[in-house]
Amino acid sequence: MTDLELRPIDRTELPAFYRTLAEVFGEDPDDRDREALAPVFEPERSLAAFDDGQVVATAGIYTRDLTVPGGPRPAAGVTFVAVQPTHRRRGLLTGIMRRQLSGLHEDQQEPVAVLWASEGGIYGRFGYGVAARQLSWEGTKARLRLRPGVPTGTGRVVLTAPERARPHEQAVYEALRPATAGFLSRPGGWNDRLAADPAHLREGATARRHALHTEQDGSVTGYATYRVKQGGTHRDDSEVQVDDVLATTPAAYAALWAFLFGIDLVPRLVRHRAPLDDPLQDIVADSRALEGTVYDSLWVRLADVGRALAGRTYRQPVDVVLDVRDEFCPWNTGRWRLSGDSTGAVCAPTGDPADLALTSTELGAAYLGGPTLVALGAAGLVTESTPGALAAAGRAFAGDRQPWSPEVF
């Protein structure tokens, strides 16, 4: 790394920090956006590089819980990573990543770091693996309808004012969060931040609409949020932009989609973030009507292999020795015996012969139960020394559903 000063900022330095971040991402700094960020910003977990008193690189961590197999666990939400173009190729990003991960390990903080990558080629070299993927899709509403016979229950969908919908939406999210790998806790001001709907960020679309699915007894079992963006004179390019569709029952989920498919005068429907195994693909009459693209979403880095692997549960009993290579975080390098099941696990250094050899990147990719160790082995990224160990460990690491995060941080 260069000899530039790298340190956390205090709140008085947030304007300069935010200005650099916005400029690197090609945006004009906006005081309104900075003020909206302030309630969730953690200056003590920030990092800024200073050159002659000017902020030239930024990074930060959000203190969150991430749902992993077994339930919510502490995770460091890495964010604000930016380096001014004038200061690239000088080791700044490497220094920032090393400072963050070393701090998590040395101070016995969160054993796992997680982020959304602005570019796919950046974070693999720091040991992050793609642990979850998402589906972005769009379709013509004339082709979008539910399969005959798909149950939609006896409830109803009601459009509701944002302030009235909000507590119900939070309750649905919290009902799903403990068992949905990839979901994040929303402490402090997070619900306020996610509920904000500033007009200058809508890009020509309407304010966010809120639809609640209410059962006959008055309980809310799901919600959808969306916008409408009008196109040209004949509305041919108009679209419904779907943000969230979350429900605690399959019938409520189907009913919400039936409602969205039925919105009049808008020929297209778009959803930019959907689960990779979205049930919608199985309940529409024509799955080809969903024109989809798969993207990476959450990247996971095991800052501390032993604590991280002991911090989740396993789908079936596992007892395996992992030979881990980790050039960026050398304290993880070595052989680790992982023993666990659906009730818990232990993971500790061992001198026993290895059953599998892999890097910390592959462990990060498999950590949430999405990409399997077997698939990574087929790519040549996991080497099996003990016959049958790869298949057995792969079954143990796998989740019931694909991990998914509905929010970018």
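Just so you know, these numbers use all the heavy atoms, side chains as well, and skip hydrogens, waters and symmetry mates. Note that the structure is a prediction, hence the values are computed from the model and not measured.
A side-chain donor-acceptor contact under 3.5 Å links D10 to the backbone of E13. Here the side chain of S136 pairs no donor or acceptor atom with the backbone of Q134 at under 3.5 angstrom.
Between D400 and R315, at least one side-chain N (NZ, or NE/NH1/NH2) sits under 4.0 Å from a carboxylate O, which counts as a salt bridge. Remark: E138 engages R268 in a salt bridge, criterion side-chain N to carboxylate O under 4.0 Å. Between E110 and R45, at least one side-chain nitrogen of the basic residue sits less than 4.0 Å from a carboxylate oxygen of the acidic one, meeting the salt-bridge criterion. Salt-bridge formation is detected for the pair D197/R227: a Lys NZ or Arg NE/NH1/NH2 atom is positioned less than 4.0 Å from an Asp or Glu carboxylate oxygen. Salt-bridge formation is detected for the pair E407/R64: a Lys NZ or Arg NE/NH1/NH2 atom is positioned less than 4.0 Å from an Asp or Glu carboxylate oxygen. Ion pair D286/R143 flagged as a salt bridge, since at least one NZ, NE, NH1 or NH2 atom sits closer than 4.0 Å to an Asp/Glu carboxylate oxygen.
Residues in residues 188-225 take part in these ring-ring contact (aromatic ring centres under 6.0 Å, His included) pairs, two or more places apart or across chains: Y62-W190. Sorted by first and then second residue, the pairs that involve residues 168-181 and meet salt bridge (Lys or Arg N to Asp or Glu O under 4.0 Å), not counting sequence neighbours, are E174-R177.
Residues E215 and T154 have side chains that never bring a donor and an acceptor to within less than 3.5 angstrom of each other. Between the side chains of S238 and Q230, at least one donor N or O lies within less than 3.5 Å of an accepting N or O.
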- Message: Between T293 and W137, is the side-chain contact (heavy atoms from CB on, under 4.5 Å) condition met? List the steps.
- Response: CA-CA 6 Å; T293 304; W137 61 263; over 6 Å; no
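By the 6.0 Å and 45° rule, R186 stacks over the aromatic ring of Y173. The cationic atom of R312 (NZ for Lys, CZ for Arg) lies less than 6.0 Å from the six-membered ring centre of F397 and within 45° of the ring axis.
Applying the side-chain hydrogen bond (donor to acceptor under 3.5 Å, both in side chains) criterion to S46, with sequence neighbours excluded, gives no partner residue. Partners of D352 by side-chain hydrogen bond (donor to acceptor under 3.5 Å, both in side chains), not counting sequence neighbours, listed by chain and number: R337, T350.
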Pair up each side-chain donor or acceptor in residues 14-21 with any protein partner under 3.5 Å, not counting sequence neighbours, and list the distances.
residue	atom	partner	partner atom	Å
T20	OG1	A16	O	3.3
T20	OG1	V55	O	2.8

Check residues 358-371 and write down every donor-acceptor pair under 3.5 Å in which the side-chain atom is one partner and the other belongs to a residue at least two apart or another chain.
residue	atom	partner	partner atom	Å
T359	OG1	T361	N	3.2
T359	OG1	E362	OE1	2.5
S360	OG	D326	OD2	3.1
E362	OE1	T359	N	3.0
Y367	OH	A308	O	2.7

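For the pair P74 and R307, the minimum side-chain heavy-atom distance is 4.5 Å or more.
A254 approaches L146 most closely through the heavy-atom pair O-CD1, 3.5 Å.
Ring pair F261/W257 is tilted by interplanar angle, where 30° to 60° counts as tilted.
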